[in-house]
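Just below is one structure, and these are the notes that go with it.
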Amino acid sequence: MALLHTDVLSKSFGGIKAVNECTLEVEKGSITALIGPNGAGKTTVFNLITGLLKPDSGNILFKDERIDGLKPHKITRMGISRTFQISRDLMEMTLMENLIVQSPTSGFADLFQGSMLEHEEERAMELLDFVGITHLADEKSKNLSYGQKKLMEFAAALMADPELILLDEPAGGVNPALLDEIIDRILLLNKQGITFLIVEHNMDVVMNLCDPVVVMAYGKVIAHGTPADIQNNQEVLEAYLGEPE
């Protein structure tokens, strides 16, 4: 069953068509990869799904309800969370505060009260423990390493108890040991029923973690299939390597 479906989705910036009639599905319970060369439109698709951008045409269905045109916080409350390729953390806030602002109940409002809600503090600590950084709960985000910020953002994406998580390059810039930890947590969450759509350039991660794999080029989906299908698809090879001479 398709949890998420985009139908002939298009988005232009000036004269450049970043997404061109993109149709894709994410099956409930899957770990789906969205891959393609730089400039293929992958992150723009993420921004359209999460409401940061509005499509020029086409529509987006989540659990059979249209979400295109909704505000990002409403889409989050419906069950979609995401991370970003470049961290968008609040650098002067602590890890705990960075998680609390992702709360589906009060969010930023909690930070202006005398104290944060107890159940939200407990949830944030559970998630920091899940990713192994409870010892940094009171540390300001600006003092974290790149890898620690990745873990914080992953934990923050879980604050709203999502059904679907969009991960934008989770393997980017992290060391092999941390990458193994992130993959283990993705697999554990997937076993618990969370669906993933992952943009990733690390092909080892894609081929060993994800199934199915969706490939974009020039704003369009050009292939969809198992990792083995994709590895042997001539159109995909040409999109990555260029046309043969």
Side-chain angles (χ1 to χ4, degrees), residues 1-11 17-36 40-85 88 102 104 153-154 156-171 182-183 185-201 205-206 209-227 229-230:
M1 181 183 87
L3 182 64
L4 177 76
H5 175 79
T6 74
D7 186 33
V8 291
L9 204 60
S10 293
K11 180 66 181 180
K17 214 156 201 182
V19 176
N20 185 11
E21 298 185 350
C22 173
T23 296
L24 64 85
E25 288 190 347
V26 178
E27 295 294 320
K28 184 176 177 62
S30 70
I31 303 177
T32 299
L34 180 61
I35 68 171
K42 306 179 299 294
T43 296
T44 302
V45 167
F46 267 28
N47 290 338
L48 291 167
I49 292 169
T50 54
L52 294 178
L53 294 173
K54 288 182 171 32
D56 298 330
S57 59
N59 55 65
I60 306 166
L61 295 174
F62 179 63
K63 296 189 291 188
D64 293 327
E65 290 186 43
R66 283 190 66 172
I67 61 171
D68 48 286
L70 293 182
K71 298 288 187 185
H73 71 277
K74 291 187 177 179
I75 293 172
T76 299
R77 287 177 179 171
M78 289 182 71
I80 300 177
S81 289
R82 74 169 292 181
T83 64
F84 291 84
Q85 180 181 352
R88 291 167 53 128
Q102 303 296 329
E153 195 170 50
F154 191 18
L158 297 169
M159 273 298 287
D161 293 320
E163 293 180 55
L164 172 64
I165 299 178
L166 279 55
L167 298 180
D168 200 343
E169 297 199 30
I182 291 172
I183 289 172
R185 282 155 180 77
I186 291 171
L187 290 169
L188 179 58
L189 291 166
N190 184 245
K191 285 180 181 176
Q192 294 172 358
I194 295 179
T195 302
F196 287 87
L197 177 60
I198 301 176
V199 165
E200 185 53 68
H201 286 289
V205 170
V206 169
L209 177 66
C210 305
D211 190 0
V213 178
V214 179
V215 186
M216 288 185 69
Y218 309 108
K220 287 180 173 286
V221 171
I222 62 168
H224 174 282
T226 67
D229 292 336
I230 297 305

Find the distance between [atom1] ([X]) and [atom2] ([Y]) and round it off to the nearest 0.5 Å.
{"X": "H5", "Y": "E27", "atom1": "NE2", "atom2": "CD", "value": "11.0 Å"}
{"X": "D229", "Y": "H224", "atom1": "CG", "atom2": "NE2", "value": "10.0 Å"}
{"X": "T195", "Y": "N190", "atom1": "OG1", "atom2": "CG", "value": "7.0 Å"}
{"X": "L197", "Y": "L166", "atom1": "CG", "atom2": "CG", "value": "4.5 Å"}
{"X": "I198", "Y": "I35", "atom1": "CD1", "atom2": "CD1", "value": "12.0 Å"}
{"X": "L158", "Y": "R185", "atom1": "CG", "atom2": "CZ", "value": "11.0 Å"}

Could you tell me if the side chain of [Y] sits less than 4.5 Å from the side chain of [X], heavy atoms only?
{"X": "I31", "Y": "L187", "value": "yes"}
{"X": "I49", "Y": "F62", "value": "no"}
{"X": "L189", "Y": "F154", "value": "yes"}
{"X": "L164", "Y": "M78", "value": "no"}
{"X": "E65", "Y": "L70", "value": "no"}
{"X": "H201", "Y": "K42", "value": "yes"}
{"X": "E21", "Y": "S10", "value": "yes"}

Hey, does the side chain of [X] reach the backbone of [Y] with a donor-acceptor pair shorter than 3.5 angstrom?
{"X": "E200", "Y": "A33", "value": "no"}
{"X": "S81", "Y": "I165", "value": "no"}
{"X": "D68", "Y": "I60", "value": "yes"}

Can you name the nearest heavy-atom pair linking [X] to [Y], along with the distance?
{"X": "A223", "Y": "I230", "value": "CB-CD1, 3.9 Å"}
{"X": "T76", "Y": "A160", "value": "CG2-CB, 3.9 Å"}
{"X": "N20", "Y": "K220", "value": "O-CG, 3.1 Å"}
{"X": "L52", "Y": "P72", "value": "CD2-CG, 4.0 Å"}
{"X": "I75", "Y": "T50", "value": "CD1-C, 3.6 Å"}
{"X": "L167", "Y": "T83", "value": "CA-OG1, 3.4 Å"}

_Just to verify, what does K63 make a side chain to side chain donor-acceptor pair (under 3.5 Å) with, not counting sequence neighbours?_
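K63: side chain to side chain donor-acceptor pair (under 3.5 Å) contacts with E163.
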
*K74, NZ atom: more than 12 neighbouring heavy atoms under 6.0 Å*: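 Atom NZ in K74 is not crowded, with 12 or fewer foreign heavy atoms closer than 6.0 Å.
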
*Under the side-chain contact (heavy atoms from CB on, under 4.5 Å) test, residues paired with C22 that sit two or more places apart*: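 So C22 forms a side-chain contact (heavy atoms from CB on, under 4.5 Å) with T6, L9, V19, L24, V45, M216, V221.
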
